[in-house]
Amino acid sequence: MLELNARSLRVQGERIVYLDQTLLPQQEAWFSCSTPELWQDAVRKLAIRGAPLIGLSAALVLAQYAQHHAPETWQAVSDRLRATRPTAVNLMYCLDAMEACFSAGPSRMIERAAELFMEDRALCQRMAERGADLLAEGDRILTHCNTGALATAGVGTAIGAFAVAQQRGRNITVYVDETRPLLQGGRLTAWEMADLGIRHQLVCDSMAASLMAAGKVDKVMVGADRICANGDFANKVGTYMLAVLAHHHGIPFYVVAPYTTVDPNTARGSDIPIEQRDPNEVRGVAGAFGAVQWAPADAPVWNPAFDVTPASLVSAWVLDTGVFDAAAIARGEHIVRP
Ligand SMILES: CSC[C@H]1O[C@H](OP(=O)(O)O)[C@H](O)[C@@H]1O
């Protein structure tokens with residue numbers, strides 16, 4: 001019987017369950033995503049979220065579906081899963097891997113889905129160690145959104161680097177952007193920092209500039225949802241703002257991601273599809289036990305889930321396969337698969 005355990009995803013035989021991240025940190029509740037429909041509903045509302053985790057869970061759900069449905073139906077289901085969140089490329093990477101196993105049959109699909117899960121766990125550890133190598137004693141690091149164990153099968157991406165630095169005895173402080181509108185930082189990263197015992201302070205996204213101007217930030221380290229062939233990358237909206245601010249203040253800006261987030265088929269940032277989300281997410285905030293709305297119900301809203309940061313604003317790309325500067329990116333060295 002297949003058994004997999006991650007911080008927010010568990011598989012026991014045919015049962016696939018997830019920790020509902022919309023309820024954190026006030027409530028830890030697990031629900032089934034054992035069918036494509038249950039998975040899509042959970043991903044659409046970010047109950048399941050985080051680029052790597054979205055891809056891994058999709059692979060497991062599709063492999064599970066294939067155990068009980070005719071092969072003629074598999075591609076249509078894969079396409080439906082693929083369309084659920086278009087920006088993060090890990091979803092496409094994992095579903096591509098599943099589709100490559102269609103001819104080998106359902107048993108191979110389950111094996112491959114489990115391989116992807118364990119691969120991500122190993123990728124997290126390698127990129128966390130490379131990221132931690134960039135963090136010095138006493139560093140104060142600003143991060144955005146949530147890139148921890150909740151979003152992956154392992155220790156996380158940028159937060160994984162913080163965890164390894166902590167394990168190495170580095171005395172770091174993490175400034176956590178709350179990350180409007182869905183507050184992944186304020187709800188999830190603050191929760192993970194406390195769980196990891198890492199000194200941190202929660203700040204509003206609008207405070208990042210003053211924090212840097214006050215000389216309180218030594219580095220910025222974020223995750224990614226898609227890294228292009230030229231090094232431009234998409235990440236949670238608000239990331240580009242941090243990159244511009246870091247450039248202005250001469251602060252190193254690092255992106256941490258597994259190689260499965262690199263998309264050689266997307267040439268540049270302007271080619272990345274950016275998911276537009278429900279206006280009500282900006283008009284109010286969905287608390288753990290209900291929604292609070294403060295803006296006028298019909299207030300016009302622009303709510304892109306991600307933004308794109310040009311490669312020119314990145315100090316280094318930290319992948320499991322290595323740390324790449326602009327020259328390495330220009331040579332395409334980040335696209336080499338292990
Ligand atoms: C290691 S997760 C990377 C990425 O996922 C988050 O997006 P979301 O919360 O919408 O799934 C955010 O962009 C993180 O940086």
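Start at 1 and go down the list; that is how both ligands and their atoms are numbered. Predicted, not measured: the structure shown is a model, and the values here were computed from it.
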Distance from atom 11 (O) of ligand 1 to nearest protein heavy atom, with residue and atom: G50 N, 2.8 Å
Give a yes or no on whether the ring-centroid distance for F102 and W74 is below 6.0 angstrom. yes
Taking atom 12 (C) of ligand 1 as the reference point, the nearest protein heavy atom with its distance: C145 SG, 3.3 Å
With atoms numbered from 1 as shown, which atoms in ligand 1 lie under 4.0 angstrom from a non-hydrogen atom of A51? 2 (S), 3 (C), 5 (O)
Which atoms of ligand 1 are found less than 4.0 Å from any heavy atom of L46? 9 (O), 10 (O)
Check ligand 1 against P52 and write out every atom of the ligand that is under 4.0 Å from a heavy-atom position of the residue. 1 (C), 2 (S)
Quick one: look at N146 and ligand 1, take heavy-atom pairs under 4.0 Å, and tell me if it's side chain, backbone, both or neither. backbone
Can you find an N/O atom of T157 closer than 3.5 Å to an N/O atom of ligand 1? no
Test item: C33 and I16 side chains (from C-beta on) under 4.5 Å apart, heavy atoms: yes
Atom 14 (C) of ligand 1: which protein heavy atom is closest, and how many Å away? N235 OD1, 3.5 Å
Determine, considering heavy atoms only, which of R49, K236, R277 sits nearest to atom 10 (O) of ligand 1. K236
Side-chain contact, heavy-atom cut-off 4.5 Å: F306 with V237? no
For ligand 1, is any non-hydrogen atom under 4.0 Å from R85's backbone (N, CA, C, O), its side chain (CB onward), both, or neither? side chain
A305, portion touching ligand 1 at heavy-atom distance under 4.0 Å: neither
Are any non-hydrogen side-chain atoms of V222 and T147 less than 4.5 angstrom apart? no
With heavy-atom distances below 4.5 Å as the criterion, would you say the side chains of I141 and V217 are in contact? no
Atom 13 (O) of ligand 1: which protein heavy atom is closest, and how many Å away? D225 OD1, 2.5 Å
Atoms in ligand 1 flagged as close to Q184, the criterion being non-hydrogen separation under 4.0 Å: 8 (P), 9 (O), 10 (O)
With a 4.5 Å limit on heavy-atom distance, are the side chains of Q40 and L81 in contact? yes
Do V203 and D177 have side-chain heavy atoms sitting under 4.5 Å apart? yes
Has A224 got any heavy atom lying under 4.0 angstrom from an atom of ligand 1? yes
If you define the side chain from C-beta out and look only at heavy atoms, does anything of R180 sit under 4.5 Å from K236? no
Can you find a pair of side-chain heavy atoms, one from C145 and one from R49, that are under 4.5 Å apart? yes
